[in-house]
Each structure stands twice: as C-alpha cells, then as structure tokens.
Amino acid sequence: SQQGEEDPQALSIQEGENATMNCSYKTSINNLQWYRQNSGRGLVHLILIRSNEREKHSGRLRVTLDTSKKSSSLLITASRAADTASYFCASNTGNQFYFGTGTSLTVIP
Amino acid sequence: DVKVTQSSRYLVKRTGEKVFLECVQDMDHENMFWYRQDPGLGLRLIYFSYDVKMKEKGDIPEGYSVSREKKERFSLILESASTNQTSMYLCASSLDRGHYGELFFGEGSRLTVL
C-alpha cells in the first residue's frame, strides 16, 4: 500500500490550545493536501502545499513539508470546539491521491 | 458552489444483491474517484476515471466495477454484495489530469450488507 500515516491517531486538547498533527508518506509527490472530515460526512479540503514549498499558512492553519523526510505537519492555532473532526493528509503524485489513516481531534470547550 | 452528490446516504442490502452507488458532479471535472473508508484503514481507492468511458483500477478493485457513461456521473457497482463490503463509500472529483489541485467529496454512502 502507498498510504501515508498520521500521528497521533487521536488528540484531545482544551479550547484555545494549539493542535499539531503529523503525516508521513511513501512516494514522491507533486503536492500534499490536508482534509477535514466531520463525523459521518465527506471530506473537505483545507490546504495544499506544493513539493517545492516548505511552509504555508491559511488563517489558523499552518502546514510544513519536509520532502527529504517525506513528512508534513498541520498546526491549528487557537483551537475551537468546532475544530473537532478527523484530519487526513493526502499525498498527490499527479496521478493519484494517497490518504493517511487520519488524526481524530477533540477540542474540549 | 461546487457540488458532488451521492445518491444514497444510507443503504442496507443483503448478501448477494447487486448494489449501485451513484455519484454526480456539477463542476465539469474530468477526474472522478471512488474510495471506501474503514476505521483504522483510512481511505482506500477502489477505481478512478479520467474521462468518459475510461476507468482504472485503484488499490482494492476486487468485487467492484464502475461505469462512466457521462462526464458528470460515475457509478460504483457491487455485482454480488458481501458482508466485507460493509463500509462508507466516498465519491470525489478533481478538475483534470494535469491539474494537481484539490479533491471535492460527496457526503458519503454508508452501506451495510447483511
């Protein structure tokens, strides 16, 4: 399988704290993307970082990419209860997307 | 606003039944995908399509087939459903083969095979 893996599998934090989740992937990529999934729903795209980029910001999201280690991290700052969801990374090889197993984030009000 | 619509949110079928899962996108996207999602296994690609009447196998095509007769519609078919096909099925689309952008997902179809 060419799936990636997220770490940790589950994360529980207090509202206002920062949440960091990590992703490792196996193949060379064109870009890496992060998605969010609320319970029982489809995935929603959050942010895309290209293979020649090292860091990207979007609102409260910060993504880093280290292609030498085949890894990425997603930081959510000042978390809110509404951020409670599962988060997936997806490595895009240009032909396919390969998803990680997800991190389940719980933000406690 | 972009939209991917899956015809059924919840289905319950019996072993051996033929099951159709329909997916329609209204964004004129060339690429369409079917994934299944299981706890602890993440999303696994079943089939994908880059064009009408074109299909390619993903990582787990066994027990499934697909049909893409029109650009906007991509159907997943379980010829003879089995209990191990109980899962959440997610359809997605993306713009075109040379565009490395985001996937747009439907809301998912949760299939239970008894």
Side-chain angles (χ1 to χ4, degrees), chain A residues 1-10 21-53 56 58 61 63 65 67 74 85-104, chain B residues 1-6 8-10 21 23 25 27 29-51 54-61 87-112:
Chain A
S1 169
Q2 297 191 51
Q3 272 187 324
E5 290 186 2
E6 276 100 347
D7 172 60
Q9 288 188 330
M21 50 204 88
N22 304 296
C23 164
S24 61
Y25 58 92
K26 296 183 180 180
T27 64
S28 296
I29 59 171
N30 283 296
N31 62 64
L32 188 131
Q33 303 176 26
W34 285 88
Y35 289 80
R36 168 195 168 121
Q37 184 181 34
N38 288 346
S39 180
R41 309 298 292 271
L43 279 73
V44 176
H45 181 264
L46 292 176
I47 192 166
L48 178 156
I49 185 166
R50 303 187 193 288
S51 60
N52 61 354
E53 296 177 312
K56 196 163 184 179
S58 176
L61 305 179
V63 171
L65 179 65
T67 53
L74 172 68
S86 292
Y87 292 82
F88 294 87
C89 66
S91 52
N92 183 341
T93 65
N95 284 322
Q96 287 193 38
F97 293 77
Y98 295 98
F99 283 84
T101 49
T103 292
S104 176
Chain B
D1 202 11
V2 297
K3 196 159 176 120
V4 178
T5 302
Q6 294 184 229
S8 303
R9 288 294 308 277
Y10 302 95
L21 299 179
C23 176
Q25 50 96 1
M27 298 164 282
H29 283 177
E30 291 187 5
N31 304 335
M32 296 189 75
F33 306 80
W34 275 107
Y35 291 88
R36 66 176 281 177
Q37 182 178 26
D38 301 287
L41 297 177
L43 277 75
R44 294 179 291 168
L45 182 64
I46 305 172
Y47 269 97
F48 58 103
S49 170
Y50 289 130
D51 201 353
M54 175 273 174
K55 60 185 178 184
E56 289 194 29
K57 293 180 180 179
D59 297 322
I60 52 164
S87 187
M88 170 73 107
Y89 290 88
L90 292 164
C91 175
S93 71
S94 68
L95 183 57
D96 58 52
R97 192 163 192 171
H99 179 84
Y100 307 122
E102 66 187 273
L103 285 170
F104 294 87
F105 282 86
E107 287 294 302
S109 297
R110 185 167 294 282
L111 172 66
T112 301

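Below, chains carry the letters A, B, ... as their sequence lines are ordered, and counting in each starts from 1. No experiment lies behind these values; they were computed from the predicted model shown. Worth knowing before you read on, the calculation uses all heavy atoms, side chains too, and leaves out hydrogens, waters and symmetry mates.
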Check: Roughly how far, to the nearest 0.5 Å, is CG of A:L65 from CZ of A:R50?
Finding: 12.0 Å
Next item on the list: Pick one of side chain, backbone, both or neither for B:L90, based on which atoms fall under 4.5 Å of a heavy atom in chain A.
Entry: side chain
Note to self: For chain A, which candidate among B:R110, B:Q37, B:M88 shows the most heavy-atom pairs at distances under 4.5 Å?
What the structure shows: B:Q37
Notebook entry, point to check: Do the ring centers of A:H45 and B:F104 come within less than 6.0 Å of each other?
Noted result: no
Check: By a 4.5 Å heavy-atom criterion (distance strictly below it), what part of A:Q9 contacts chain B: side chain, backbone, both, or neither?
Finding: neither
Item checked: Atom pair OH/CZ of B:Y35 and B:F105 - distance to nearest 0.5 Å -> 5.5 Å
Checklist line | B:Y47 and B:F33 aromatic centres sub-6.0 Å | finding: no
